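Have a look at the structure below, then the notes.
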Amino acid sequence: MTTFLIKSTISLCILLLAYHLLLEKEKMFRFNRYFLLVSLVFSMVVPFLSFEIQQDIPIVYNKITFPKTAAATFPIEAEDININKEDQINYWLFLLWITYIGITLILSYRFIQNIYTITSKAKISKIIVHQNTRIVLLSEKTLPYSFWDSIYLNHNDFENGLIEQELFTHEIAHVKQKHTLDVIFIEILKTLFWFNPVFIFYKKAIQLNHEFLADENVISAHNNIYLYQNLLLNKLNISQPIYLTSNLNFLSTKKRLTMMTKTTSKTKTLIIQSLAALGLLTIFLLFAFKPLPLSNKKTIVIDAGHGGKDIGAQIGAEQEKKIVENIANKISLLNGKDEIEIILLRKDDSFIELSERVSEINKIKPDLVISLHVNSSQDLNENGVNAFVSKQNVFYEKSKESAKDLVDKISNEKLAKGEVKDANYFVLKNSKCPALLVEIGYLTNENNRTYLISENGQNEIANKIVEFIKM
């Protein structure tokens, strides 16, 4: 989600800047309208696009370093069992989502209420069809404005012929060109992404361009720029803050008056439009295409569970975090660098948040993640090797197959063969690659524990895992 917000905001800002620098002051209003709308849609979609291109470059993976945290001191008791599984709740994230949903609902209600306020006037007002356009005659004193397929006018002004034909032509342009659709679209985006101010500037740009388009239609129909400019100037002191409607935006009158006399040559128009299209293409190439190194080398991430203040299972002085750390380091030492790249998420007694682990895994994009753990149980006779995979991982079937093979490989006369089970642990379900969690024996089982804490046992387990990786 964070990546989407960053990429979309960068794209929105670049394209809006390009609009203000290249397009806004040029007389090509229809192109500008579609450029702004395409910029919005493009920026919402491009973060989700991903195309890989082959590139003959060596693979370089940065080893992950985290600040070293001194190991906490825990009391040693003969049969102290501390079971700490991976699923954790991020309450701050939960609170953030509740806040977002709450504000979005409030803004959505306001948005719907504003639409209802405008459309409900038609239910209590006289409606006629004039020049093939639906007219809503209001009792309230107001300047002409339009919304959706209707123009809203003061009843008395209309009946007495006090509404200038230029203003009526202006509003017809808004209706015929369906400008309300653009406004509703940007309002929906503003409601969903209320925390991003860039949409406010997009709305201003879109509505100003609507005025340019309507003004162009008036000048084409009446062919008297001077008269129309004076008409607008005479209306400047009339306030009409009607939300969501296409109406006379007098705050931007100076720009509108300037654009009425502006000319843009066909050659300049073509050049500017080409540059705008090139800008869209450039952003697309930057965000959507990712170089894919040409290499057959397999990348495996070994995630030694727990660490630092999170000790995992514990019996007396023996701690899960230290056992899996030792095995992970042995795996790394045993591996040759020619065929397989093994990356350790934790090489020392450091505490790493689950979200950090997943973030690093997804940056590396490995072929497989193996999360190392040691089991524990109230039943002291329970023993053996078990593995877990998540159905929420899109690589579930591949993960399950790898988990079965790893359990078969590690199991021996000292570690009984266990099962592969489904579990939605955080690392398993959020890694964008095959991922499995293996529980290498039970620390609570005396025979398993003796084997797990011995140098020979850890060497054998590490060798078996390396053999599995190279299968």
Side-chain angles (χ1 to χ4, degrees), residues 2-3 50-66 86 289-307 324-325 327-348 350 352-373 387-407 409-410 420 422-440 461-471:
T2 303
T3 302
S50 179
F51 302 96
E52 294 179 335
I53 53 175
Q54 294 290 343
Q55 181 173 273
D56 192 10
I57 57 174
I59 294 182
V60 179
Y61 293 103
N62 295 324
K63 295 298 185 292
I64 304 163
T65 58
F66 297 94
E86 280 200 68
F289 283 88
K290 300 176 183 179
L292 180 65
L294 289 176
S295 174
N296 293 323
K297 184 177 284 190
K298 187 160 62 172
T299 306
I300 307 295
V301 166
I302 302 296
D303 173 27
H306 308 285
V324 294
E325 177 191 320
I327 294 173
N329 284 319
K330 290 178 184 294
I331 292 171
S332 181
L333 289 173
L334 289 168
N335 177 56
K337 295 289 183 181
D338 296 335
E339 301 174 9
I340 298 170
E341 182 82 11
I342 290 181
I343 299 176
L344 304 184
L345 290 188
R346 181 171 74 83
K347 294 185 288 187
D348 53 25
S350 300
I352 308 172
E353 292 283 357
L354 296 180
S355 58
E356 289 182 77
R357 296 175 193 253
V358 169
S359 176
E360 292 300 331
I361 288 168
N362 291 334
K363 285 180 185 177
I364 296 167
K365 298 182 180 178
D367 296 277
L368 178 66
V369 173
I370 301 175
S371 187
L372 301 179
H373 288 260
F388 298 87
V389 292
S390 172
K391 285 186 176 179
Q392 293 186 29
N393 186 307
V394 293
F395 299 93
Y396 171 70
E397 293 299 333
K398 179 68 183 297
S399 302
K400 190 173 183 180
E401 180 184 347
S402 298
K404 287 180 179 178
D405 292 340
L406 182 57
V407 169
K409 195 71 177 176
I410 298 177
V420 175
D422 293 332
N424 290 322
Y425 295 142
F426 190 87
V427 170
L428 299 184
K429 69 182 181 181
N430 290 294
S431 294
K432 297 177 181 178
C433 62
L436 64 92
L437 183 151
V438 60
E439 299 272 14
I440 312 169
I461 293 168
N463 267 301
K464 292 294 183 181
I465 293 176
V466 172
E467 289 175 12
F468 159 77
I469 290 171
K470 293 183 177 182
M471 288 172 57

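Since we're looking at a predicted model, the values are computed, not measured.
- By the side-chain contact (heavy atoms from CB on, under 4.5 Å) test, A435 pairs with V369, N393, L428, S431, sequence neighbours left out.
- Looking at every heavy atom in both residues, R346 comes nearest to G305 through NH2-O, 2.9 Å.
- In this structure, the separation between CD on Q392 and CZ on F426 is 11.0 Å, given to the nearest 0.5 Å.
- Atom CD1 in I327 sits 8.0 Å away from atom CD1 in I410 (nearest 0.5 Å).
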**Request:** Test side-chain contact (heavy atoms from CB on, under 4.5 Å) on L437 and V427 and set out the steps.
**Result:** CA-CA 9 Å; L437 183 151; V427 170; over 6 Å; no

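- Taking the side-chain contact (heavy atoms from CB on, under 4.5 Å) definition, one finds that K404 meets it with K400, V420, sequence neighbours left out.
- Distance CE/M471 to CZ/F468: 7.0 Å, rounded to 0.5 Å.
- Residues forming a side-chain contact (heavy atoms from CB on, under 4.5 Å) with E401 (at least two apart in sequence, or on another chain): D405.
- Evaluation of the side-chain hydrogen bond (donor to acceptor under 3.5 Å, both in side chains) rule for D422 yields Y396 as partners, not counting sequence neighbours.
- Of all heavy-atom pairs between A403 and A387, the closest is CB-CB, 3.9 Å.
- In this structure a side-chain-to-backbone donor-acceptor pair under 3.5 Å is missing from N430 to L354.
- Between K298 and D367 there is no salt bridge, since no side-chain N of the basic residue sits under 4.0 Å from a carboxylate O of the acidic one.
- In this structure, the separation between SG on C433 and CD1 on I300 is 9.0 Å, given to the nearest 0.5 Å.
- In terms of the side-chain hydrogen bond (donor to acceptor under 3.5 Å, both in side chains) criterion, residue partners of E467 (sequence neighbours excluded) are, by chain and number, K409.
- Residue I469 holds its CD1 atom at 4.5 Å from CD1 of I370, rounded to the nearest 0.5 Å.
- Closest non-hydrogen pair, S332 versus L344, comes out as CB-CD1, 3.8 Å.
- Considering all non-hydrogen atoms of both residues, N335 and K470 come closest at OD1-CE, 3.8 Å.
- Within the 4.5 Å cutoff, the side chain of H373 has no heavy atoms near those of the V438 side chain.
- For K330, the salt bridge (charged side-chain N to carboxylate O under 4.0 Å, His left out) criterion is met by E455, not counting sequence neighbours.
- Scanning all heavy atoms of the two residues, the minimum distance from A304 to R357 falls at O-NH1, 3.1 Å.
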**Test log, rule side-chain contact (heavy atoms from CB on, under 4.5 Å), inputs T299 and I342** = CA-CA 6 Å; T299 306; I342 290 181; over 6 Å; no

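- Rounded to the nearest 0.5 Å, atoms CG (L345) and CD1 (I343) are 8.5 Å apart.
- Shown here for F388 and E439, the closest heavy-atom pair between the two residues is CE1-CG, 3.5 Å.
- Applying the side-chain hydrogen bond (donor to acceptor under 3.5 Å, both in side chains) rule to S402 yields no partners; only residues at least two apart in sequence or on another chain are considered.
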